[in-house]
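Here the structure is laid out as structure tokens; the discussion comes afterwards.
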Amino acid sequence: MPDSLCGTPVPAELLSPALPAGGEKLTEERKDGNGYFRCTLSVDGTSVLDAKWDWTEAGRTARSVAYDNPYRDLADVESQDKRYVYSDTGGVSRVTCEPVVAHRKGQAELFATVALSDRQAPAPEVKKLLLAYAEALSASAECVRK
């Protein structure tokens, strides 16, 4: 079991519920771009989890970012502060970059997404994974770069 999600530190016990049991080979396919990162985890050649972060225009909600992909329902539950949404198939969270005015994208905001491929996990476990991923991203070079 890895101790990171596509290079971002996340405790292995939080990744475990999102991955199928009994797999032998875990691979990552990463794609970096200007203002975004996408990664697909595969187990034994089958895609099981997509993780991504991207900068989007300020003022968007996690729910609206989740709805960018109409084929996955990532927004069953919304946090009271509207910072994140999640379901048993994934979720989206705003990433807090401090200081806000100093991050490299100006008025844009960073959002993290995790999405399970053709499977489900207990929604509370997905929430824990999503929030750990977003928190780790808040300390990443992408978030604090000036």
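Bear in mind the structure is a predicted one, so any value in this text is a computation, not a measurement.
Annotation: side chain of Leu131 is in contact with side chain of Lys127 (closest heavy-atom distance under 4.5 Å). Looking only at side-chain heavy atoms (C-beta outward), Glu142 and Trp55 come within less than 4.5 Å of each other. Looking at Tyr84 and Leu130, their side chains come closer than 4.5 Å, going by heavy atoms from C-beta outward. Between Val95 and Ser138 there is a side-chain heavy-atom pair separated by less than 4.5 Å.
Atom CH2 of residue Trp53 and atom OG of residue Ser140 lie 7.0 Å apart, to the nearest 0.5 angstrom. Here CG of Asp118 is found 9.5 Å from OG1 of Thr46. Values are rounded to the nearest 0.5 Å. Atoms CZ and CG, on Phe111 and Asp54 in that order, are 8.5 Å from each other to the nearest 0.5 Å.
Nearest heavy atoms, Val48 versus Arg119: O-CD, 4.1 Å.
A continuous path of ILVMFWY side-chain contacts below 4.5 Å connects Leu137 to Leu15, so both sit in one hydrophobic cluster.
Under the 3.5 Å distance criterion, with hydrogens and angles disregarded, a donor-acceptor pair is assigned to the side chains of Thr40 and Asp50. With hydrogens and angles left out, the side-chain atoms of Ser117 and Ser47 include a donor and acceptor closer than 3.5 Å. Of the N and O atoms on the side chains of Arg83 and Ser79, not one donor lies less than 3.5 Å from an acceptor on the other residue.
Counting non-hydrogen atoms of neighbouring residues, nucleotides and ligands closer than 6.0 angstrom, the CD atom of Glu29 reaches no more than 12 such neighbours. Within 6.0 Å of atom CD in Glu28, more than 12 heavy atoms from other residues, nucleotides or ligands are found, so the atom counts as buried in its surroundings.
Side-chain atoms of Asp32 do not come within 3.5 Å of backbone N or O of Phe37 as any donor-acceptor pair.
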